[in-house]
Asks: 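Take this structure, written in structure tokens, and hold onto it; I'll ask about it next.
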Amino acid sequence: MTPTAATPIWRRLWHTRLRDAIRGRIDGSLDWRQLVATTNLPPEMVNMIGQVVRRTRLWRSEKVDVARELIAHFQDGLSTGRLPQQLLLPFGDARVAAQLIRRAKKRNRPWPWHVWRWSCWSCLALFSVYVLMAGYLLLGQPSVTTDYLKSVNARAFAAPRAERAWPLYREALLEMGAQSTAQDPEAPFTQAGNVRPDSENWPAAEQFLSRHAAAVAKLRQAGQRASLGLQVGTTAESFAPEDRVFLPDQMQKRSQPSGNSVADVGHSMLIAAILPQLTLLNQASSLLATDCRRAARAMDAESAFDDVQAQLGMCRHVQETSFLVSALIAGSIQTTACTTVSDVLLEHPDLWSKEQLLDLAHSFSRTHVGWRRALEGERAMFYDIVQRVYTDDGEGDGRLTQAGMRLLNAVPQVVFGGTEHPKAEGQASDSLLMALLPAANFMVASRREMADLYDQFLDQSAKLIDAPIWDGEGSGASRLMEPLENSQLRALRYVLVSLFAPATSAAARKAAFCRAAQDGVLIGIALELYRREHGDWPESLAALTPRWLPEVPVDRITGDVLHYKIDAGAPLVYSVGIDLDDDGGRLPFDSLKAETAGRLFDEFRFPNTRRADDPANDGDWIIWTTRPMKFRSVGGTQPPSD
Amino acid sequence: MKLERELMRGAGPVAVMQLLAGGEKYGYELVESLSRHSNGVLAMGQSTLYPMLYNLEAKELVKSRLDESGPRPRRYYRLTAKGERKLAADTKQWQALWESLRSLGIATQPRIAPQPRRAGGGGR
């Protein structure tokens with residue numbers, strides 16, 4: 001009886017190779033059970049073969065081969081006259097036989113199967129290692145050991161209460177309605193800032209100032225104080241209740257950290273610190289610029305003098321919380337003060353007494369923007385993030401944690417969104433972050449590597465800020481960041497540096513500009529003092545030293561001597577500008593910002609590139625003059641003093 | 001007497017290859033030949049023989065074919081060229097080992113003479 005004839009069609013179908021089915025041969029030739037069952041062997045042999053073949057757990061075709069070979073083996077043995085027991089005994093244990101046969105048969109399988117098998121095992125091994133590593137990494141927790149915010153606020157309370165300026169500022173700002181500027185940039189307080197008598201806003205500004213004369217006096221008084229004394233925080237609750245009105249809407253809703261959620265951790269980071277005083281004091285210094293011009297027109301030298309002194313005080317006060325943004329605002333306030341002085345000396349050269357001018361010169365000399373200290377603030381901010389993202393092995397190194405990944409995931413919302421509570425979203429993506437943790441640890445630099453690169457970047461940035469433009473010393477910082485900008489993989493590896501490295505090239509440009517503006521004011525005051533003593537302008541800047549100037553500042557672009565000439569009876573002090581050639585004190589084209597024509601210390605005109613071939617850079621950069629200036633229109637050739 | 005497993009592991013494949021050098025053989029025939037030629041010393045259970053044959057096949061030292069022309073389908077094994085080279089190399093090693101053992105007085109004289117090999121296998 002053949003297996004085919006005895007077997008039902010469904011069984012034959014089930015045991016037919018696919019290729020046989022395609023060829024139409026449904027013979028059930030892979031049904032090894034049927035093959036064994038239909039032999040004429042004694043039952044104990046059939047049972048032994050069945051056990052061995054079944055336990056091999058091989059492919060059907062392999063089982064059939066094994067079954068056929070064992071059947072032939074026992075049939076051959078029986079044909080020699082041996083009894084079944086005589087053949088079964090030396091056969092050995094069915095389990096062992098099946099195991100050995102299985103191993104040997106698998107070695108005979110085709111190479112693609114072996115490749116596939118090893119691939120599977122490799123994947124499984126890798127997956128196991130990955131899972132183990134995930135387990136290990138999940139045990140790591142960041143440890144926040146330093147309260148950087150506390151150390152920032154410590155400076156605010158270093159000065160005695162009576163020397164703190166913020167209470168006076170607060171009163172003045174509230175009286176002038178400055179609290180509404182957080183929500184309304186068109187508020188009268190803002191509109192009255194930095195207005196000139198030739199502006200259409202002048203009457204309104206003048207009216208605003210006379211209405212708030214007492215508040216302006218408080219601003220002047222506050223500007224004289226040694227310390228700002230404002231405690232900053234990351235939530236509305238960390239501010240005094242009377243200060244919360246100055247916070248923007250979304251910051252007012254930011255709640256006090258109460259747990260370990262991403263939002264809570266994020267909101268306690270130094271980077272999330274709210275610094276309302278920066279905008280407020282910047283606006284207040286602009287208001288004092290307007291007031292100084294008003295006082296000058298009224299020949300109120302004392303008030304005008306106090307206004308400038310208060311501006312310089314504000315420049316110091318905003319730097320009490322030393323971050324780069326604080327330094328940038330301080331630079332703006334300082335430049336506003338420089339512009340204010342230049343406006344007064346241009347319109348009312350005899351307003352201030354000799355003593356007042358000397359006082360102003362000394363005040364300007366003493367007032368510096370602490371760029372390096374600001375960079376240290378940035379470093380603290382970065383280290384604060386690092387301690388919340390990595391574990392700490394006590395030796396400056398550590399690995400990325402799940403909590404750190406959650407934090408990084410939520411940073412944009414925490415820092416910039418303010419009111420968004422990312423708790424739910426954080427939970428939703430937790431499993432994904434957990435799965436990605438080992439991969440992230442491979443991809444992302446370790447704590448030490450991350451901190452090292454950031455430190456290098458800040459060190460280079462400090463050189464950039466300190467270095468004069470002509471030196472080119474500072475290009476190291478941008479060189480350091482280039483790989484991060486050009487390679488996404490590199491940017492991912494140093495993700496914290498990519499995300500949190502400040503724009504120090506812009507800061508360096510601002511620093512150079514602020515120094516140049518300060519040079520201009522000091523030269524301008526010295527020139528005025530010289531004129532009063534000698535009745536005329538000096539023939540060279542060297543004549544100002546050492547009586548009126550300790551030394552003549554150099555050209556901030558080239559490092560050479562500043563150019564000086566008397567033009568139509570007025571002094572003209574200028575740098576050769578970005579094109580590096582002397583255009584006789586002629587301003588370059590002003591195709592983009594014609595409305596600022598006639599202003600000194602226009603930052604827009606300050607060179608930000610070395611592209612000397614750009615026609616827009618054909619001209620000089622005026623440091624000081626007492627004559628109204630005009631930029632040439634595009635294509636025009638008129639000199640500045642026309 | 002039967003060999004210890006470790007000794008059998010080394011001697012078994014050589015013995016099987018040596019038997020196949022005389023021509024192709026099927027499983028039971030090999031079992032019988034081993035038992036007969038070695039006076040039972042190299043007799044091995046079928047649970048060892050067939051996996052050994054499959055392993056030799058995986059190493060391409062032997063090749064098998066299914067013969068369905070006889071009274072029952074049988075799988076015949078024959079030595080490949082690679083298997084012949086391997087057998088020659090193994091034989092030398094075993095002879096060297098034997099010489100060493102004899103010089104130590106462990107062995108006296110070979111009781112199993114190697115069979116002459118026939119190139120390309122042959123009839124059954």
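A, B, ... follow the sequence lines: proteins, then strands. Residue 1 opens every chain. Keep in mind that what you see is a predicted model, and the values were worked out from it rather than measured.
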Asks: Could you look at B:Leu53 and say if it's the side chain, the backbone, both or neither that has a heavy atom under 4.5 Å from chain A?
Replies: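 B:Leu53 has no heavy atom closer than 4.5 Å to chain A.
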
Asks: Give the minimum heavy-atom separation between B:Pro73 and A:Ala72, together with the two atoms involved.
Replies: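 Minimum heavy-atom separation between B:Pro73 and A:Ala72: O-CB, 3.3 Å.
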
Asks: Using a cut-off of 6.0 Å, state whether more than 12 heavy atoms not belonging to B:Lys63 lie near its atom NZ.
Replies: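 Counting neighbours around NZ of B:Lys63, 12 or fewer heavy atoms of other residues, nucleotides or ligands fall under 6.0 Å, so no.
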
Asks: Is A:Thr39 in contact with chain B via its backbone, its side chain, both, or neither, using a 4.5 Å heavy-atom distance?
Replies: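 Contact with chain B involves no heavy atom of A:Thr39 at all.
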
Asks: For chain B, which of A:Gly77, A:Ala98, A:Gly92, A:Ser79 has the most heavy-atom pairs under 4.5 Å?
Replies: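 Sorted descending by pairs with chain B, the first entry is A:Gly77.
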
Asks: Start with the C-alpha distance between A:His73 and B:Tyr50, add both sets of side-chain angles, then the distance that settles ring-ring contact (aromatic ring centres under 6.0 Å, His included), and finish with yes or no.
Replies: CA-CA 10 Å; A:His73 173 87; B:Tyr50 288 107; 5.4 Å; yes

Asks: Go through the atoms of A:Val52 and report whether side chain, backbone, both or neither lie under 4.5 Å from a heavy atom of chain B.
Replies: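 For A:Val52, there is no contact with chain B at all, as no heavy atom is under 4.5 Å.
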
Asks: Please identify, among A:Glu69, A:Arg109, A:Arg107, the residue contributing the most non-hydrogen atom pairs under 4.5 Å to chain B.
Replies: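 Top count of heavy-atom pairs under 4.5 Å with chain B: A:Glu69.
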
Asks: Is B:Glu60 close to chain A through its backbone or its side chain, or both, or neither, when contacts mean heavy atoms under 4.5 Å?
Replies: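 Neither part, no heavy atoms under 4.5 Å.
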
Asks: Can you tell me which portion of A:Leu89 sits under 4.5 Å from chain B's heavy atoms? Options are side chain, backbone, both or neither.
Replies: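 Neither part.
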
Asks: Surrounding CH2 of A:Trp59 (heavy atoms of other residues, nucleotides or ligands, distance under 6.0 Å), is the total greater than 12?
Replies: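 More than 12 within 6.0 Å, yes.
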
Asks: Is chain B contacted by the side chain of A:Arg95, its backbone, both, or neither, given a heavy-atom distance below 4.5 Å?
Replies: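 No part of A:Arg95 comes within 4.5 Å of chain B.
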
Asks: CD1 of A:Ile71 to CZ of B:Arg72: how many Å apart, nearest 0.5 Å?
Replies: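 Rounded to the nearest 0.5 Å, the CD1-CZ separation comes to 11.0 Å.
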
Asks: Please check: side-chain N/O of A:Asn108 versus main-chain N/O of B:Tyr54, any donor-acceptor pairing under 3.5 Å?
Replies: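 Between the backbone of B:Tyr54 and the side chain of A:Asn108 there is a qualifying donor-acceptor contact (under 3.5 Å).
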
Asks: Thinking salt bridges, do A:Lys105 and B:Glu57 make one under a 4.0 Å N-O criterion?
Replies: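 The answer is no: the pair does not qualify as a salt bridge.
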
